[in-house]
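Note sheet for the following structure.
Naming convention: chains lettered A, B, ... in sequence-line order (proteins, then strands); numbering from 1 in each chain. Since we're looking at a predicted model, the values are computed, not measured.
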Number of protein chains: 2
Amino acid sequence: MTQDLPPSPNDADEDGRNERHRARMARKKTIIDDRIAQAQRDCGVIVVTTGNGKGKSSSGFGMVIRAMGHGMKTGVVQFIKGAIPTGEEKFLRRFPEECEFHVMGEGYTWETQDRSRDIAKAQAAWEQARRMLRDPSFGLVLFDELNIALKLGYLDVDAVVADLRARPGMQHVVITGRGAPQALIDAANTVTDMTPVKHAFAQGIRAQNGVEM
Amino acid sequence: MTQDLPPSPNDADEDGRNERHRARMARKKTIIDDRIAQAQRDCGVIVVTTGNGKGKSSSGFGMVIRAMGHGMKTGVVQFIKGAIPTGEEKFLRRFPEECEFHVMGEGYTWETQDRSRDIAKAQAAWEQARRMLRDPSFGLVLFDELNIALKLGYLDVDAVVADLRARPGMQHVVITGRGAPQALIDAANTVTDMTPVKHAFAQGIRAQNGVEM
């Protein structure tokens with residue numbers, strides 16, 4: 001037979017802590033519910049990830065599979081990478097009906113060292129991107145490393161922004177790369193600066209499959 | 001018959017610009033090649049994405065598909081989210097052999113308002129995570145929103161770090177969520193702070209499928 005013991009001081013402490021937690025979370029819920037009530041508009045958004053830290057492209061690819069999970073058709077144009085096939089490319093090429101994947105770059109700018117050729121490649125890549133921006137069957141498109149092509153002056157930022165603004169109303173666009181120009185930040189809905197705190201590379205660890213590529 | 005015209009001043013400008021680009025990129029290549037030569041170690045890395053900006057979880061899911069593209073087995077444990085099925089969950093559950101997916105949370109802390117229950121759920125989630133950290137068949141594991149569970153004191157950070165350190169040598173771990181504790185940052189190889197510049201929510205646009213969930 002079990003006895004009903006009187007609550008110990010520890011139990012009372014724990015009860016108080018739980019009650020304070022409940023009250024704090026109830027207040028937080030009121031604030032968040034209120035904010036949610038004020039944000040009720042649905043529309044296609046432009047998301048820009050920039051900065052020098054790790055996570056810009058991988059965040060873009062995470063959004064691609066989120067969209068695929070909701071049954072949306074997706075498109076990817078990679079502007080700068082491309083010399084080495086990456087894990088994301090190998091994976092997403094398995095789903096040609098769900099994700100149209102283009103690698104237009106021939107590698108990093110310091111590898112090609114050929115500005116005219118890089119410009120021609122960037123312009124060809126933007127033609128693919130524009131085609132997607134005119135096709136409402138694409139629910140979400142990712143233009144990976146576009147910011148680099150803009151920063152290097154390979155594409156005109158005003159022309160790019162005009163094409164983005166003319167896209168179908170519910171289409172989402174994700175744009176990645178260091179050095180996003182101000183005109184693109186102004187046109188975007190959500191912008192994150194990926195700020196490096198530390199990086200494995202500085203510890204003598206090279207780029208790892210699954211993490212950096 | 002075509003004539004060989006003398007180069008115009010514009011052509012000369014363009015040639016000079018191309019040559020300066022080539023020389024700059026050649027210098028950059030030397031620096032980068034040198035850095036690459038100094039980073040030759042292969043090992044499992046701990047990647048932490050934290051901060052208040054958008055892109056933490058999506059970056060983690062991007063690394064999951066990168067790893068899947070390289071034929072690695074992956075694991076996901078979601079610590080806090082879970083009340084609403086997300087795009088990433090719907091998508092990744094299509095590949096049970098390639099990605100073991102666990103959603104352990106019952107929703108955001110301000111929705112449950114029940115601290116004891118949240119703690120029990122977080123501890124059960126960490127048991128799943130520990131099992132993966134002892135199994136070398138997992139090439140990359142993602143512990144989504146683990147930082148929140150640590151910040152709220154639902155799990156002991158020293159115990160979590162000890163389990164991370166004891167994992168197989170080539171296993172990669174990605175940990176996401178606001179407020180990563182210093183002990184976890186110290187233990188990590190790569191840490192990025194996702195710093196918000198602007199967010200669609202503040203423009204009255206609610207969370208969009210494919211972007212936020």
>> Heavy-atom cut-off 4.5 Å, strictly under: side chain, backbone, both or neither for B/R94 against chain A?
In response: side chain
>> Is A/I65 in contact with chain B via its backbone, its side chain, both, or neither, using a 4.5 Å heavy-atom distance?
In response: both
>> Looking at chain A, which one of B/V191, B/I119, B/V45 has the largest number of heavy-atom pairs inside 4.5 Å, strictly under?
In response: B/V191
>> Can you tell me which of A/P196, A/G55, A/G71 forms the most heavy-atom pairs within a distance under 4.5 Å of chain B?
In response: A/G55
> Are side-chain heavy atoms of B/M194 and A/T49 found at a separation under 4.5 Å?
Replying inline: no
> Who in residues 201-211 of chain A is close to chain B, using a strict under-4.5 Å heavy-atom cut-off?
Replying inline: A/F201, A/Q203, A/G204, A/I205, A/R206, A/Q208, A/N209, A/G210, A/V211
> If you count heavy-atom pairs under 4.5 Å between each of B/E98, B/M72, B/R93 and chain A, which one has the most?
Replying inline: B/E98
>> If we define contacts as heavy-atom pairs under 4.5 Å, which of B/L92, B/D42, B/N18 has the most with chain A?
In response: B/D42
> When the ring centroid of A/F95 is compared with that of B/F95, is the distance short of 6.0 Å?
Replying inline: yes
> Given side chains that start at C-beta, do those of A/T195 and B/T192 come closer than 4.5 Å, heavy atoms only?
Replying inline: no
>> Just so I understand: if I count every heavy-atom pair under 4.5 Å between each of A/K54, A/R22, A/E19 and chain B, which residue has the most?
In response: A/K54
>> If you define the side chain from C-beta out and look only at heavy atoms, does anything of A/M213 sit under 4.5 Å from B/R66?
In response: no
> Could you give the distance from CE (A/M68) to CD (B/E88), rounded to the nearest 0.5 Å?
Replying inline: 13.5 Å
> Which atoms of A/I46 come close to chain B, meaning under 4.5 Å heavy atom to heavy atom: side chain ones, backbone ones, both, or neither?
Replying inline: neither
> Nearest 0.5 Å, what's the OG1-NE2 distance between B/T190 and A/H199?
Replying inline: 4.5 Å
> Is there side-chain contact between A/M63 and B/S59, with heavy atoms separated by less than 4.5 Å?
Replying inline: no
>> Closer than 3.5 angstrom, by distance alone: can the side chain of B/K198 be matched with the main-chain N or O of A/A188 as a donor-acceptor pair?
In response: yes
